[in-house]
Amino acid sequence: MPELPEIEVLRRSLERRLLGRRVVRVRLRALALREPLDRRALRALGGARISALGRRGKYLLIALDDGRTLAVHLGMSGRLTLSPAAAAPEPHEHLAFELDSGERLRLRDPRRFGAAFVVPAGSLDDDAHFAHLGREPLGEPLAGAELARLAARGRGPVKSFLMDGRRVVGVGNIYATEALFRAGIRPDRGVRRIGAAAWERLARAVVEVLEQAIREGGTTLNDFTDGAGAPGEFQISLAVYGREGEACPRCARRVRRIVQSGRSSYFCPRCQR
DNA sequence: CGGTGGACCTGCTGGC
DNA sequence: TGCCAGCAGGTCCACC
């Protein structure tokens, strides 16, 4: 479900309401998400105060004032919301943190592809979850030459390359698809057959599509919301993702769908080569 | 080393 | 109306 823009929207929406809050109590209702939950380490967050909210790729990083970090990944179906502690647990609410504000930060995840774990003080860079993650595409904006360099020893289709978190983080199926449309590149084109100009267009398209999606509150296809429960609006701006058979917004040709590595790709056969 | 395909889960939808 | 195949925003690992 959530790619970089959704996690960034979530981070910003939770930041104001979580900073300075103390964790009063930790509630665990599941043994594992995509990996076992470390009950002892999670429970031991009780008493700590939240000092910062960060993000690395698709991981939300909740920093505590003693240096520990609570890392949360939403997988495909995860949601993280803040609501009054008195409200009953919601379906698939596997993990929750009661705060001194009288609210509860709730992690729901029907498919349990997400993750939640505690990173000890000072070891964020060493943690195996983050060790091999690639470059953040925003901040210092991604450049075409850099994409070309990252792909230099690779083969295979450009869409798989874009979605490979060891190269560039945060770009999933929706935003890889949309960036390729904006850059005019077919998702099944091999990285070996992409020239400098196309890499430049692609780098710019990735940055633009991610930034626009953040501005528009993320993409809500089914159930994404920010920390307050508000849906995003970028789904209105999707040019081709999920639009098989519809008219290309640029040339009105029918959008095609193909399957690559088991994932759907959508593209315009006229605008993308 | 790099790339692919399957596994991990539950829930919803669309076609019959 | 009801059932079920197919599909879903991600990641990891075994295998070639």
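Protein chains get the first letters and strands the later ones, always in sequence-line order, with residue 1 at the start of each. These numbers were taken from a predicted model, which means no experiment stands behind them. Hydrogens, waters and symmetry mates are skipped; everything else that's a heavy atom, side chains included, is used.
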In terms of relative ring orientation, are A:Y175 and A:F234 parallel, tilted or perpendicular, with 30° and 60° separating the classes? tilted

Suppose we define a pair by two distances each less than 3.5 Å, Watson-Crick or G-U wobble; what does B:dC9 pair with here? none

Mind checking if A:G262 touches a base, just sugar-phosphate, or nothing, with heavy atoms under 4.0 Å? nothing

Measure from the side-chain heavy atoms of A:Y241 and tell me the nearest of C:dC12, B:dG11, C:dG9. C:dG9

Hey, which sits more toward the 5' end of DNA chain B by its nearest nucleotide, A:N222 or A:G154? A:G154

Whole-Å gap separating P (C:dG9) and CD (A:Q235): 15 Å

Side chain of A:R257 only, please: which of C:dG10, C:dG9, C:dA8 is the nearest? C:dA8

To the nearest angstrom, the CG-C1' distance between A:N173 and C:dC7 comes to 12 Å

So A:P157, base contact, sugar-phosphate only, or nothing? Heavy-atom distance under 4.0 Å. sugar-phosphate

Would you mind reading off the distance between A:E244 atom CD and C:dA8 atom P, rounded to a whole angstrom? 10 Å

Could you go step by step and tell me if A:E103 and A:S83 meet the side-chain hydrogen bond (donor to acceptor under 3.5 Å, both in side chains) rule? CA-CA 5 Å; A:E103 292 173 302; A:S83 56; over 6 Å; no

Matching residue for A:K159 among A:T177, A:D188, A:V191 - test: side-chain contact (heavy atoms from CB on, under 4.5 Å): A:T177

For atom C1', what is the distance between B:dC12 and C:dT11, given to the nearest Å? 22 Å

Counting side-chain heavy atoms from CB outward, which of B:dG11, B:dC8, C:dA8 is closest to A:F113? B:dC8

Using a heavy-atom cut-off of under 4.0 Å over every strand shown, decide if A:R155 touches base, sugar-phosphate, or nothing. sugar-phosphate

Which nucleotide, C:dC12, B:dC9, C:dG10, lies nearest any side-chain atom of A:R111? B:dC9

Parallel, tilted or perpendicular, as decided by the 30° and 60° cut-offs, for the rings of A:H129 and A:F117: parallel

Counting the atoms with a prime plus P, OP1 and OP2 as sugar-phosphate, which does A:D109 contact under 4.0 Å by heavy atoms, base, sugar-phosphate, or nothing? nothing

Would you tell me if any nitrogen or oxygen in the side chain of A:H92 comes within less than 4.0 Å of OP1 or OP2 on B:dC9? no

For C:dG9, what is the paired nucleotide under Watson-Crick or G-U wobble rules, both distances under 3.5 Å? none

Between C:dC12, C:dG10, B:dT10, which one does the side chain of A:P110 approach most closely? B:dT10

Output the single nucleotide from B:dG2, B:dG11, C:dG9 whose closest atom is nearest the side chain of A:E3. C:dG9

Counting only side-chain N and O atoms of A:S264, is one of them less than 4.0 Å from OP1 or OP2 of C:dA8? yes

If you count heavy atoms of other groups shown closer than 6.0 angstrom to CZ of A:R257, is the number above 12? yes

